[in-house]
Amino acid sequence: MAETSIRDALAGAVAPDTPVTVQGWVRTRRDSKAGFSFIQLNDGSCLDNLQLVADKEMPGYQDRILRLTAGCAIRCHGTLTESKGRGQSFEVQATEIEVLGWVENPDTYPVQPKRHSFEFLRTVAHLRPRTNTFGAITRIRHGAAKAIHDYFHTKGFYWVNTPIITSSDAEGAGELFRVSTLDLNNLPRDDQQQVDFKRDFFGQETFLTVSGQLNVEAFCLAMSKVYTFGPTFRAENSNTARHLAEFWMIEPEIAFADLDDLAALAEDFLKSVFTDVLKHHADDMAFFAERIEPTAISRLESLINSPFVRMDYAEAIRILENSGKTFEYKPEWGLDLQTEHERYLTEQHCQAPVIVMNYPDEIKAFYMRLNDDNNTVAAMDVLAPGIGEIIGGSQREERLDILTNRMQAEGLDPEHYGWFLDLRKYGTVPHAGFGLGFERLLNYITGMTNIRDVIPYPRTPGSAPF
RNA sequence: UCCCCGGUAGCUCAGUUGGUUAGAGCGGGUGACUGUUAAUCACUAGGUCGUUGGUUCGAAUCCAUCCCGGGGAGCCA
């Protein structure tokens, strides 16, 4: 007989009064000396537990069932029946329970049927998926990833797997992880006594990628609509609830497109992904709204139903200057928007998601397209109420001479980017793309406040256990 | 990296004018009781008070150091 998932059992996918086999991990056990024990079983297939009813007459009741504690792995054969008690519609009348794995020392099993702090659960990252919260996060993370792939697939995008190991330090030095097989205790030296990376594995210096953008642009200028979705690495020593040294990023890139097209894509993308998650993960989202963040669902619905407001950076500065509000950092043309500025724009002034466009060129990256005013670039940030910046993107500079000038102005050597410049020599077209941190998106969806709790194994400065 | 806060039982925490055997709830064990819902009740076991050093007759408590965690800032996604 095939095993039934707890999700199917509770959803009524199995006819009542038919034999079933379920398996999973015990959450709690409650005994009645009058005749039976109740076992709450979870297998990760859904948030809810399945209740097993074990009669004292069944085999092994005294020496096995009464020894079950939280965390034990069992397989239960029985009959799915409508529950006689309140709290669940279906339960299983067990006829036999096999114990596949005992808990060696129940006294110190870390995951107890009670509230744990997220700080503690991080220290047992290998066991925290057994909690309600991390089970729900795991399902939502999967569901959001699927929603993202589905969205792009439906829109005719191709998923491009850009390299993890790269030789180009796209966004400046000092923030990359070096990849090397050299013996740190015996480094090869050249004539100048510098480390000789020609002797390294790849014959040159290599690093973990900080962005797949440059690589995916090449595929954009052939496949028209592409995206990356993969791990990204930053060696920045920043210890905050919003930063990871290893995180996942989504970077769509569209050809024959300008900044307005990109803004439209960003809005449609966010609304579509949120709609999909709310639809397919209603029970997990209800859990987050009940236990983690009361507005978890309502704020997503609100964003889905609000037209995004678009404004130029210059207008944003004017609004902030005329707001009559005192900011810690005074808004001024030429300076980047602070978190407090972004929050004012999206939460108070517009009370809707805002797309700020056309920033001063000095505060943005070299690859962003210079506007006709020679003063601003076609960059955009999507700001959402309650979270601030959620997406950053730009139309790319497709003109060879201007791109080369901007690289040199930022101290980058065009010779290192020959292949990137080729794209502007051979059939260049206007194109644009944005980047979105997957874990930040998950924080926004779930209402979890620390980014270390929405990735299975967080890597942060000074910490890479498991 | 900077500023602030914290580290006491498996977990969540209480415990300073420095003073004999460091407490509670939950969890574990034992028993009672009940179609139970993080059940309830009783009993019980369980801690070299983050590390190292110092002050003192005496340190969980005071000082220094380091480690780890949290919040905020900067940077960003």
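By convention in this document, chain letters (A, B, ...) are assigned in the order of the sequence lines, proteins followed by strands, and residues within each chain are numbered from 1.
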With a cut-off of 3.5 Å and sequence neighbours excluded, list every side-chain donor-acceptor pair involving residues 454-466 of chain A.
{"from": "A/R459", "atom 1": "NH1", "to": "A/P465", "atom 2": "O", "distance (Å)": "2.9"}
{"from": "A/R459", "atom 1": "NH2", "to": "A/P465", "atom 2": "O", "distance (Å)": "3.4"}
{"from": "A/R459", "atom 1": "NH2", "to": "A/F466", "atom 2": "O", "distance (Å)": "3.2"}

Check whether any side-chain heavy atom of A/L300 lies under 4.5 Å from a side-chain heavy atom of A/L303, and answer yes or no.
no
Using a 4.0 Å heavy-atom cut-off, write out nucleotides 29-44 of chain B from 5' to 3' as B (base contacted by protein), S (sugar-phosphate only) or - (no contact).
S--SBBBBBBS-----
What interatomic distance, in whole Å, is found between P of B/G6 and the corresponding atom of B/G50?
13 Å
Taking the minimum atom-to-atom distance to the side chain of A/Q338, which one of B/G74, B/U1, B/C76 wins?
B/G74
Could you please name the partner base of B/U30, counting Watson-Crick and G-U wobble pairs only when both distances are under 3.5 Å?
B/A42
Could you note down all residue pairs passing salt bridge (charged side-chain N to carboxylate O under 4.0 Å, His left out) where residues 50-78 of chain A supplies at least one of them, sequence neighbours left out?
A/R75-A/E98
I need the A/Q338 CD to A/D336 CG distance, nearest 0.5 Å.
7.5 Å
At what distance, to the nearest 0.5 angstrom, does CE of A/M407 lie from CD of A/E397?
12.0 Å
From CG of A/D107 across to C1' of B/A45 the rounded distance in Å is 8 Å
Check every strand shown and say whether A/L441 touches a base, only sugar-phosphate, or nothing at a heavy-atom separation below 4.0 Å.
nothing
Separation between the C1' atoms of B/U51 and B/A64, rounded to whole Å
13 Å
Which part of the nucleic acid does A/S117 contact within heavy-atom distance under 4.0 Å: base, sugar-phosphate only, or nothing?
sugar-phosphate
Tell me what A/R27 touches on the nucleic acid: a base, only sugar-phosphate, or nothing, going by heavy atoms under 4.0 Å.
nothing
With a 3.5 Å distance limit and no angle check, can you tell me whether A/T376 reaches the backbone of A/N358 through a side-chain donor-acceptor pair?
no
Name the nucleic acid region contacted by A/Q112, choosing base, sugar-phosphate or nothing; use a 4.0 angstrom heavy-atom cut-off, strictly under.
base
Please round to the nearest 0.5 Å and tell me the distance separating atom CZ of A/F36 and atom OH of A/Y61.
9.0 Å
Rounded to the nearest Å, what distance is computed from the CG atom of residue A/N239 to the C1' atom of nucleotide B/C4?
14 Å
Hey, does the side-chain of A/H243 have a donor or acceptor N/O within less than 3.5 Å of a partner on the base of B/C76?
yes
Base, sugar-phosphate, or nothing for A/N450, non-hydrogen atoms under 4.0 angstrom?
sugar-phosphate
Touch class at under 4.0 angstrom, heavy-atom based, for A/Y329 against every strand present:
sugar-phosphate
